Structure formats: C-alpha cells, structure tokens
Colleague: 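Below: one structure in structure tokens.
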Protein chains: 2
Amino acid sequence: MHDEETTPPKLTDQVRLDDLLCFAVYSANNAFNRFYKPVMAELGLTYPQFLVMIALWEADGVRVSHLGERLGLESNTLTPVLKRMEGLGLLERKRDRSDERQVLLHLTDKGRALENEASGLPACVLEATGLDPAELITLRNEIERIRAKLESATGR
Amino acid sequence: MHDEETTPPKLTDQVRLDDLLCFAVYSANNAFNRFYKPVMAELGLTYPQFLVMIALWEADGVRVSHLGERLGLESNTLTPVLKRMEGLGLLERKRDRSDERQVLLHLTDKGRALENEASGLPACVLEATGLDPAELITLRNEIERIRAKLESATGR
DNA sequence: CCCATTTATATCGTGCACGATTTAATCGCA
DNA sequence: TGCGATTAAATCGTGCACGATATAAATGGG
C-alpha cells in the first residue's frame with residue numbers, strides 16, 4: 001500500500017465550522033448588519049445604501065461604474081439600490097450628455113445634509129467593538145489583504 | 001467660545017470608506033462568496049447551504065433552532081433554505097414525535113456522501129489567501145471577537 | 001382541566017448580491 | 001461613412017437575511 005496522492009480526510013476531520021475564516025467573516029458581516037440596523041433606521045437607510053452615501057460624500061457626481069469599482073459591485077446590484085435612493089430624494093441619476101451610455105450620480109441637498117446625522121457612527125463602532133483605533137486599522141488591513149487575495153484567486 | 005460638547009466633525013472628515021472595518025468585512029464576505037461560487041457549483045450548493053451542510057456533518061439529527069444557534073440565523077431564514085435542500089435530496093425534515101412543534105434535521109446518504117467531495121476546500125482557502133494555518137486562526141479569532149462584541153452591543 | 005402564555009417553526013414582504021441577458025450608445029476601422 | 005465590436009447600464013430570475021406576523025403545539029397556574 002504505497003499511495004503518494006492520498007485523498008485528504010473528510011472535511012469535518014480537518015476543520016470545524018468555528019475554525020473557518022469564511023464563517024467568521026460571514027457571521028461578522030451579519031453582526032455588523034444587525035448592529036447597524038437601528039442606527040440606519042434613524043437615517044432612513046439600509047446598510048448598503050449607507051455605503052453608497054459614504055462613497056458619494058467622498059466623491060459626488062461620479063458614474064455608476066465608478067461607484068461600482070469603489071464598492072466592488074456592478075450595475076445589476078447598484079441600479080435598483082440607486083433607484084430606491086433616488087426615490088428617497090437622496091440623489092439624482094442623470095445620463096451624461098457627452099456619453100449617453102453613462103449615468104452620473106449627484107447628491108441632493110437632502111443627501112448631503114444626511115452626512116451630519118451620521119457623524120457619531122465611527123465612535124459608536126469603536127465603543128461597541130472595544131477596539132482602539134490602531135487595533136481597528138490593523139485588523140481592517142489584514143481583512144483587506146485577504147479580500148484582495150481572494151479576488152485575485154477567484155476564477156483561478 | 002467655550003464648547004465642551006461639540007458636535008463631531010462630519011463623517012468623511014473623520015474616516016474614509018476604506019478605513020471602515022464594517023466595509024472591509026462586507027467586502028471580504030462578498031469576496032468569499034465569489035471565490036466559493038465555482039467550488040459550490042460543483043457541489044450543487046450555495047455558500048449558505050454549504051455552511052448548513054458543515055453544521056450537519058458535525059452534528060446530525062438536530063433541531064432547526066439548534067442549527068440556527070450554530071449559524072446565527074433564525075427559522076425565517078433557515079426554513080426556506082432547508083426546504084430547498086430537502087428538495088435537493090440532501091436532508092429530511094421531520095417533526096419530532098415527542099414535541100410536534102420541533103423539526104428534526106437528518107442528512108440523507110446523498111447529504112453525507114457530499115462531505116468527501118468537499119475535502120479539498122480548506123487547502124484551497126489557505127492557498128488563495130496565502131495565509132499559513134496559524135495566521136488564519138489568529139485572524140479568525142480576532143474577527144470572532146469583534147463579532148461577539150457587536151452581538152452583545154446590538155440593541156444597546 | 002381549561003385557557004392564557006410561551007415556544008418552535010413557518011409565512012410573507014422587502015432589499016440586496018449576482019449570473020445571464022438585453023438595450024442602447026459609442027468606437028474602430030475598412 | 002457604414003457597420004460589427006465594445007462598453008455602460010438596466011432588466012430579470014434566484015436565493016439569502018430579516019422584521020413582522022401567523023400557526024400550531026406544549027406548558028402551567030388557577
């Protein structure tokens with residue numbers, strides 16, 4: 001019995017659910033969603049809509065595809081979200097006059113004004129997680145590093 | 001001008017989108033989903049269905065509520081997933097004879113057999129992320145720590 | 001023993017993420 | 001200049017996460 005290329009042992013003999021990085025990330029993402037929910041409700045937003053708002057507070061007047069690069073999403077996800085946000089009066093979607101394929105996003109006064117309502121949020125997360133700012137940045141960097149690795153490994 | 005209780009500066013003057021831990025976790029979760037998609041397709045599963053399978057490979061014959069505790073989900077999310085998985089012939093849902101409110105989950109032979117197909121996955125993640133097992137566990141622990149903190153901070 | 005309360009699961013509606021496809025505008029190049 | 005290729009966004013269908021509510025079974029105090 002000499003078998004150089006052995007089949008690995010079955011999954012649960014290798015790792016437990018609680019050891020999996022993907023499960024930790026999945027659960028942490030759900031936890032962030034739940035934690036933010038009441039805060040977002042005050043702003044009248046969902047959590048993904050809030051991420052869109054942050055991106056637009058940082059850079060207004062951008063194309064849908066630019067926003068998509070920023071958030072790692074495409075128009076199939078963004079278009080419905082942006083339409084709902086337009087319906088809420090937070091932004092306007094306008095075809096680019098010089099290239100009618102593109103849609104430019106512009107915050108309304110209401111959309112810009114909302115930024116002041118959200119100012120307490122970073123402190124809120126620091127308090128909830130019990131991390132100091134330096135630890136938080138370190139952890140963020142490590143997570144971002146594996147995100148980038150996964151992205152480049154996706155589809156080979 | 002003496003103002004002890006100043007309003008914090010607006011959000012984008014405090015942090016950038018790319019500094020936010022929540023956004024890193026959100027993006028990493030999306031990245032895991034995308035990375036797993038082709039692998040899951042081979043197994044005929046979705047990523048959440050795969051997490052259910054792992055939980056059941058570890059402990060079969062459990063109640064829906066027990067699975068929910070394991071995964072941090074409730075019946076409103078799990079019931080439709082479990083029904084689809086039952087439709088795929090991976091498991092059976094049976095009312096507990098001794099307490100008809102409860103539903104017990106039992107893997108089928110097909111469901112158990114699938115574990116062997118998934119054995120390459122941990123190595124696959126290690127390779128994709130470029131982490132060694134010790135780093136991965138450390139990172140996992142840190143993420144789990146903040147997940148637990150967020151959970152206990154949710155709703156005050 | 002009865003019925004209000006509690007517990008376990010299911011149902012329903014909304015929003016998000018995404019693969020696949022469609023629509024429409026622009027580009028490239030013969 | 002004409003037209004096939006490319007690009008940007010939108011549309012459609014599926015599955016998941018979740019708040020709110022419903023259903024049905026068990027429990028327990030009077």
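Throughout, protein chains are lettered first and strands after them, A, B, ... in sequence-line order, and every chain is numbered starting at 1. Bear in mind that the values here come from a model prediction, so they are computed numbers and not experimental data.
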Colleague: Does a side-chain N or O from B/S65 land closer than 4.0 Å to OP1 or OP2 of C/dT9, or not?
Modeller: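 Yes.
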
Colleague: Looking at A/E58, I'd like to know if its CD atom is crowded, meaning that more than 12 non-hydrogen atoms belonging to other residues, nucleotides or ligands lie closer than 6.0 Å.
Modeller: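 Atom CD in A/E58 is crowded, with more than 12 foreign heavy atoms closer than 6.0 Å.
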
Colleague: Within the structure provided, determine whether A/S65 and A/Q102 are in side-chain contact (heavy-atom separation under 4.5 Å).
Modeller: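 A side-chain contact is absent here, since even the closest heavy-atom pair is not under 4.5 Å.
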
Colleague: Find the distance B/L90:CG to D/dG15:P and express it as a whole number of Å.
Modeller: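 One finds 14 Å between P of D/dG15 and CG of B/L90, rounded.
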
Colleague: State whether the side chain of A/D99 and the backbone N or O of A/D96 hold a donor-acceptor pair below 3.5 Å, judged by distance alone.
Modeller: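 The answer is no, because no donor-acceptor pair under 3.5 Å joins these two groups.
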
Colleague: Could you check how far CE of B/M40 sits from C1' of D/dT14, rounded to whole Å?
Modeller: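 About 18 Å, once rounded to whole Å.
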
Colleague: Looking at A/R93 and A/E86, is any side-chain nitrogen of the basic one under 4.0 Å from a carboxylate oxygen of the acidic one?
Modeller: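 A salt bridge links A/E86 with A/R93.
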
Colleague: In whole Å, I'd like the distance from the CG atom of B/N29 to the C1' atom of D/dG15.
Modeller: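 Going from B/N29 (CG) to D/dG15 (C1'), I get 14 Å.
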
Colleague: What is the distance, rounded to the nearest whole Å, between atom CZ of A/R97 and atom C1' of C/dT26?
Modeller: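 Atom CZ in A/R97 sits about 17 Å away from atom C1' in C/dT26.
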
Colleague: Need to verify one output field. Residue with the more 5' nearest nucleotide on DNA chain D, B/D99 or A/T79?
Modeller: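 Upstream on the strand: A/T79.
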
Colleague: Taking 4.0 Å as the cut-off, does a side-chain nitrogen or oxygen of B/R63 come that near to OP1 or OP2 on C/dT9?
Modeller: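 Result: no.
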
Colleague: I need the minimum non-hydrogen distance between A/I54 and B/T12, along with the two atoms involved.
Modeller: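 Smallest heavy-atom distance, with atoms named: O-CG2, 4.3 Å.
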
Colleague: Mind listing the closest non-hydrogen atom pair of B/A24 and A/R140 along with its distance?
Modeller: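 Result for this residue pair: CB-CG, 3.7 Å.
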
Colleague: Looking at B/D60 and B/R112, does any basic side-chain N land under 4.0 Å from a carboxylate oxygen?
Modeller: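 Salt bridge present between B/D60 and B/R112.
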
Colleague: With nearest nucleotides of DNA chain D determined for A/Y26 and A/R95 from heavy-atom distances, which residue corresponds to the more 5′ nucleotide?
Modeller: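 So the residue in question is A/R95.
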
Colleague: Please list each protein N or O that sits under 3.5 Å from an N or O in nucleotides 18-24 of chain C, with the distance.
Modeller:
{"unit_1": "C/dC18", "atom_1": "OP1", "unit_2": "B/R34", "atom_2": "NE", "d": "2.6"}
{"unit_1": "C/dC18", "atom_1": "OP1", "unit_2": "B/R34", "atom_2": "NH2", "d": "3.1"}
{"unit_1": "C/dC18", "atom_1": "OP2", "unit_2": "B/R34", "atom_2": "NH2", "d": "2.6"}
{"unit_1": "C/dG19", "atom_1": "N7", "unit_2": "A/N76", "atom_2": "ND2", "d": "2.7"}
{"unit_1": "C/dG19", "atom_1": "O6", "unit_2": "A/N76", "atom_2": "ND2", "d": "3.3"}

Colleague: Could you give the CG-to-C1' distance, from B/L105 to C/dT9, as a whole number of Å?
Modeller: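 Between C1' of C/dT9 and CG of B/L105: 11 Å.
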
Colleague: Take the protein atom CG of A/L82 and the nucleotide atom P of C/dG15, then report the distance between them rounded to whole Å.
Modeller: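 One finds 14 Å between P of C/dG15 and CG of A/L82, rounded.
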
Colleague: I need the residues from residues 47-59 of chain B with at least one non-hydrogen atom less than 4.0 Å from DNA chain C; give them sorted by number, or say none.
Modeller: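 Close to the strand, none.
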
Colleague: Decide, yes or no, whether a salt bridge links B/R70 with A/D18 under the criterion of side-chain N to carboxylate O below 4.0 Å.
Modeller: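 Counted as a salt bridge, because a side-chain N and a carboxylate O are separated by less than 4.0 Å.
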
Colleague: Rounded to whole angstroms, how far apart are CD on A/Q102 and P on D/dT6?
Modeller: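 After rounding, the gap between these two atoms is 18 Å.
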
Colleague: With a 4.0 Å cut-off on N to O distance, would you call A/R147 and A/E144 a salt bridge?
Modeller: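 Yes, A/R147 and A/E144 are salt-bridged.
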
Colleague: Counting only side-chain N and O atoms of B/K83, is one of them less than 4.0 Å from OP1 or OP2 of C/dT9?
Modeller: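 The answer is no; no side-chain N or O of B/K83 sits under 4.0 Å from OP1 or OP2.
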
Colleague: Which comes earlier along DNA chain C counting from the 5' end, the contact point of A/T46 or that of A/E100, where each point is its nearest nucleotide?
Modeller: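 The residue whose closest nucleotide sits nearer the 5' end is A/T46.
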
Colleague: Measure the distance from CZ on A/R93 to C1' on D/dA8 and round it to the nearest whole Å.
Modeller: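 Rounded to the whole Å, the gap is 13 Å.
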
